[in-house]
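For reference, the structure discussed in these notes is given below.
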Amino acid sequence: MSIRVRFAPSPTGYLHVGGARTALFNWLLARREGGRFLLRIEDTDRNRSSQEMVDAILEGMSWLGLDWDEGPFFQGEGVERHRADALRLLAEGKAYRDFTAPEELARIREEDPDGATRYPRRQAEALAPGEAEERAAAGEPHAIRFLVPDHRVVEFDDRVHGRTRFPAEAIEDLVILRADGSPTYNLAVVSDDAFMNITLVMRGDDHLSNTPKQILLYEALGYPVPEFAHLPLILGPDGKRLSKRHGATAVGDYEGQGILPEAMVNFLALLGWSPGTDQEVMSRSELVAAFSLDRVVKKSAVFDAEKLRWLNGQHLNRMDGVALASLVLDHLEAGLREPAEAAMETDPAGFGAILDLLITRARSVDDVAMKLRPYLVEEIVYDPGAVKKHWAKRPDEAAGHLEALRERLQGLEPGEWTEARLEEELRGLAEERGIGAGKLIHPLRVALVGEAVSPGIFEVLVAMGPDRSLARMAAGVQWIRRQVAGNA
RNA sequence: GCCCCCAUCGUCUAACGGCUAGGACUCCACUCUUUCAAGGUGGCGGUCGGGGUUCGAUUCCCCGUGGGGGCACCA
């Protein structure tokens, strides 16, 4: 039988990276093994789920490209079944009615946390025969507790941790049906996973101590016990479980920061798993092909945003500029969106070529978007530092070189505006004037992009095209002369 | 307090009981070069402590220490 796994998030309003990693591992395994990946939303009346909260989870999933084969199912839809299961346990004597007031139990817990474990049970046992049924029939509020078998060690082979055992003595008789008749989490999960024929429950380490309770419930209900795999938790830089106070923890946050879903998936996969080779940059399909539970690590891992950014740069580098175009649009500052759309429309290849130049130097989509300005709009902003370094020291020289270069390049036919030819012309001019090529290149760079850094200057020239390049050079010359005149 | 899990560079990780403990991020240097990145080369940096078992422990066992998770009429 092929495996059936599931991801069962509670709708908290966003998909956090821990959940995303759990979802990813389930998805990877299902895809690798040719199994089924189901999605179940753990919506209970208590943390009342709104449609928006559910949508946030689904959006995160689809952004990551984690498609599910069945669902989404909603835990809330199974309440009647959960209740029936609980009542059946009661009828079979595997559960009992507990009339202890919650406040009373809370008080006992405070006084003697250890002794409180069996307190409700002892209370129930002290009841006269038939008393519980009478009081229940009279409408007295009470919870239904599962009767945890004594003298029992619950053992299971966790797919990550190996043989794991829990003495049942330490497990309290958990409530399975509240006084208001609503089923509790541990019962609902067991009932649902059994109902959905889940063969492997893969989830966070934080559920490890729920597992013996659930196994006992499976057994009591007569359902086949699935396999379990408990994934190590993801920690913040301080070694504590990753939470909101560590900053960005929702996958949407990273989307906003210009992280590619491919990079996020790659990074998350490497958090608690390794392919066993030296390869780190991996595509989705490579991950699927390499994934195996045997190579999942037991130790919890610290989320290293710096490495995520590096990995993102690697994926960015492997991307095609044209493919990235529409993504970049979403990260552009206000005034740049329209010209970018126009450029994309009129000359998609040219626009893609510009992106290709920028991609190499970027670690996020934001980086690309930020560098795009000079290629989109006429008005150019000169960075003071760049001006100071390459124009202002010897303004007359800079303007003179720039002017000469402009005149020289102006003579080129459109077909001659190539990297090779441009370099030839520029170096030729430098030689004629008895100067190093840098004396031309640096002022030119400031004129073209307004900054001291850019992609290779000849690439920039080609990407901008003759018209805009020449105009910028002229504008630069003018600007320098005006400044000098102003200072004189 | 009780139960459980975990432990290799700062971080992510590799090493069926056997080469000098390998790779990646970060940092530093060098290189390439028109700048900045990217790339290339090199460097710094680790087996938590103590006992066993063994010819030999990162690896197996025990104890300690440290870290984490759980112990709800939350999920």
Side-chain angles (χ1 to χ4, degrees), chain A residues 8-12 42-44 46-47 75 98 100-102 105-106 109 112-117 120 141-145 158 160-161 164-167 169-172 174-182 184-186 188-189 204-213 230 232-233 235 237 239-241 267 270-281 295 297-311 313-314 316-317 358-363 367 371 386 389-390 423 426-427 430 436-442 444-446 449 451-458:
Chain A
S10 49
T12 47
E42 228 76 316
D43 64 331
T44 62
R46 190 158 294 249
N47 68 19
Q75 187 157 73
D98 172 27
T100 313
L105 188 55
R109 276 210 188 92
D112 177 15
D114 219 14
T117 307
H142 62 282
I144 308 290
R145 281 185 189 271
D158 190 277
V160 173
H161 292 279
T164 308
R165 51 200 107 215
F166 290 82
E169 274 69 22
I171 304 172
E172 80 163 3
L174 55 147
V175 168
I176 51 179
L177 212 54
R178 300 188 184 91
D180 66 3
S182 63
T184 59
Y185 169 75
N186 279 300
V189 167
D205 246 352
D206 50 338
H207 284 288
L208 201 51
S209 49
N210 278 327
T211 308
K213 302 174 190 172
H230 287 93
L233 259 23
L235 274 25
K240 304 284 184 204
R241 182 180 177 167
F267 178 71
L270 258 23
L271 221 49
W273 173 82
S274 85
T277 65
D278 281 347
Q279 190 184 4
E280 302 230 55
V281 184
R295 301 204 61 89
V297 159
K298 298 182 204 174
K299 188 179 57 160
S300 42
V302 173
F303 188 92
D304 182 2
E306 209 40 58
K307 186 155 182 174
L308 169 60
R309 284 182 55 73
W310 168 78
L311 206 45
Q314 295 296 312
L316 224 35
N317 255 285
L358 268 20
I359 280 172
T360 323
R361 276 148 264 263
R363 285 200 161 187
D367 291 345
K371 296 283 183 190
K389 196 169 178 189
H390 299 300
E423 179 155 12
L426 184 142
R427 291 196 188 279
K439 285 272 186 273
L440 290 175
I441 289 171
H442 296 302
L444 172 60
R445 171 171 290 113
V446 180
V449 301
E451 288 175 42
V453 303
S454 81
I457 198 71
F458 306 109

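Order of the sequence lines sets the chain letters (A, B, ...), proteins ahead of strands, with each chain counted from 1. Because the structure is a prediction, the values reported are computed rather than measured.
Phosphate proximity of B:rU35 to A:His390: absent, as no side-chain N or O sits under 4.0 Å from OP1 or OP2. In terms of phosphate contacts, A:Arg309 brings no side-chain nitrogen or oxygen within less than 4.0 Å of OP1 or OP2 of B:rU11. A close approach under 4.0 Å does occur between a side-chain nitrogen or oxygen of A:Arg241 and OP1 or OP2 of B:rG70. One finds no side-chain N or O of A:Ser209 lying less than 4.0 angstrom from the OP1 or OP2 phosphate oxygen of B:rC3.
Base-pair partner of B:rC44: not found among the strands shown (Watson-Crick or G-U wobble, both distances under 3.5 Å).
The side chain of A:Lys240 sits closest to B:rG68 out of B:rA72, B:rG68, B:rC36. Listed candidates were B:rU34, B:rA75, B:rA38. Nearest to the side chain of A:Arg363 is B:rA38. The side chain of A:His207 approaches B:rA75 more closely than any other nucleotide in the set B:rA75, B:rA14, B:rC4.
No option in A:Lys389, A:Arg445, A:Lys371 other than A:Lys371 meets the salt bridge (charged side-chain N to carboxylate O under 4.0 Å, His left out) test with A:Glu451.
In the interface, the side chain of A:Lys298 is not paired with the base of B:rA7 through any donor and acceptor atom under 3.5 Å apart.
Backbone-only contact: A:Gln75 has heavy atoms under 4.0 Å from sugar-phosphate atoms and none from a base. Residue A:Phe458 is classed as a base contact, given a heavy-atom separation below 4.0 Å to a base. Residue-level contact check: A:His230 touches neither bases nor backbone, having no heavy atom under 4.0 Å from any strand.
Using a 4.0 Å cut-off between a side-chain N of Lys or Arg and a carboxylate O of Asp or Glu, A:Asp158 and A:Lys298 do not qualify as a salt bridge.
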Kindly determine whether A:Asp180 and A:Ser182 satisfy side chain to side chain donor-acceptor pair (under 3.5 Å), including the steps that lead there. CA-CA 6 Å; A:Asp180 66 3; A:Ser182 63; 2.7 Å; yes

